[in-house]
Amino acid sequence: MSRTVLVLNGPNLNLLGQREPEIYGRTSLEDIRRLTEARGQSHGLTVDFRQTNDEGGLVSAIQGARTTAGGIVINAAAYTHTSVAILDALLACGLPVIEVHLSNIFKREEFRHHSFVSRAATGVICGFGANGYELAMDAMAQLLSKAKTA
Ligand code: DQA
């Protein structure tokens, strides 16, 4: 099984650090990439870290992961709340999926409380800021080691 984890980031996350810092913090996506890679490495995992503002780009990346990755960590950002296409791609990929959000979406506006992604996720980590990506790598390492021994 692949020890590569696809870490996918959706729209506007390229602006992290500058975008609504009171909600999303001051850590840039580049910093999050470094933290995630380091945590992945500590578990013997390789991180394929990507960001796109396009819904179709997210769908294509998920489809590609079927042959290149052992699991997916996804912060689909606003598409979390709208995209059946991303849900269908995640259901089709047959890989463990961990959903991440920097903010606690349940503390925020009503429209953020529903997630299509959650229907395909093994688990959800939200509200821990950038640290959520590190927690997701810890959880993914456990999921992959369980799958290996199963
Ligand atoms: C987000 C939460 C979403 O509701 C929002 O649209 C985002 C970021 C988060 O990481 O907290 O862009 O996914």
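Order of listing sets the numbers, starting from 1, for every ligand and every atom in it.
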Problem set entry | Partners passing side-chain hydrogen bond (donor to acceptor under 3.5 Å, both in side chains) against Asp138 (at least two apart in sequence or in another chain) | Arg39, His43
Seminar exercise, completed: Taken in chain and number order and not counting sequence neighbours, the residues that satisfy side-chain hydrogen bond (donor to acceptor under 3.5 Å, both in side chains) with Glu22 are none
Problem set entry | Pairing residues for Tyr24 by the ring-ring contact (aromatic ring centres under 6.0 Å, His included) criterion, not counting sequence neighbours |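 Once residues adjacent in sequence are excluded, Tyr24 has no partner under the ring-ring contact (aromatic ring centres under 6.0 Å, His included) criterion.
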Exercise. Just checking, any donor-acceptor pair under 3.5 angstrom between side chains of Thr80 and Glu99?
Worked result: no
For this session: Could you point out which residue of Asn9, Thr36, Thr27 forms a side-chain hydrogen bond (donor to acceptor under 3.5 Å, both in side chains) with Tyr133?
Result: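 That would be Asn9; it is the only one of Asn9, Thr36, Thr27 passing the side-chain hydrogen bond (donor to acceptor under 3.5 Å, both in side chains) with Tyr133.
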Problem set entry | Pair Arg34 + Glu37, salt bridge at N-O below 4.0 Å |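 Judged by the 4.0 Å cut-off on N to carboxylate O distance, Arg34 and Glu37 do not form a salt bridge.
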What does the N/O contact table under 3.5 Å look like for ligand 1?
{"unit_1": "ligand 1", "atom_1": "4 (O)", "unit_2": "His81", "atom_2": "NE2", "d": "2.7"}
{"unit_1": "ligand 1", "atom_1": "4 (O)", "unit_2": "Arg112", "atom_2": "NH1", "d": "2.9"}
{"unit_1": "ligand 1", "atom_1": "6 (O)", "unit_2": "Ala78", "atom_2": "N", "d": "3.3"}
{"unit_1": "ligand 1", "atom_1": "6 (O)", "unit_2": "Arg112", "atom_2": "NH1", "d": "3.1"}
{"unit_1": "ligand 1", "atom_1": "10 (O)", "unit_2": "Asn75", "atom_2": "ND2", "d": "2.9"}
{"unit_1": "ligand 1", "atom_1": "10 (O)", "unit_2": "Leu102", "atom_2": "N", "d": "2.8"}
{"unit_1": "ligand 1", "atom_1": "11 (O)", "unit_2": "Leu102", "atom_2": "N", "d": "3.3"}
{"unit_1": "ligand 1", "atom_1": "11 (O)", "unit_2": "Ser103", "atom_2": "N", "d": "2.9"}
{"unit_1": "ligand 1", "atom_1": "11 (O)", "unit_2": "Ser103", "atom_2": "OG", "d": "2.6"}
{"unit_1": "ligand 1", "atom_1": "12 (O)", "unit_2": "Arg19", "atom_2": "NH1", "d": "3.1"}
{"unit_1": "ligand 1", "atom_1": "12 (O)", "unit_2": "Arg19", "atom_2": "NH2", "d": "3.0"}
{"unit_1": "ligand 1", "atom_1": "13 (O)", "unit_2": "Asn75", "atom_2": "OD1", "d": "2.8"}
{"unit_1": "ligand 1", "atom_1": "13 (O)", "unit_2": "His101", "atom_2": "ND1", "d": "2.8"}

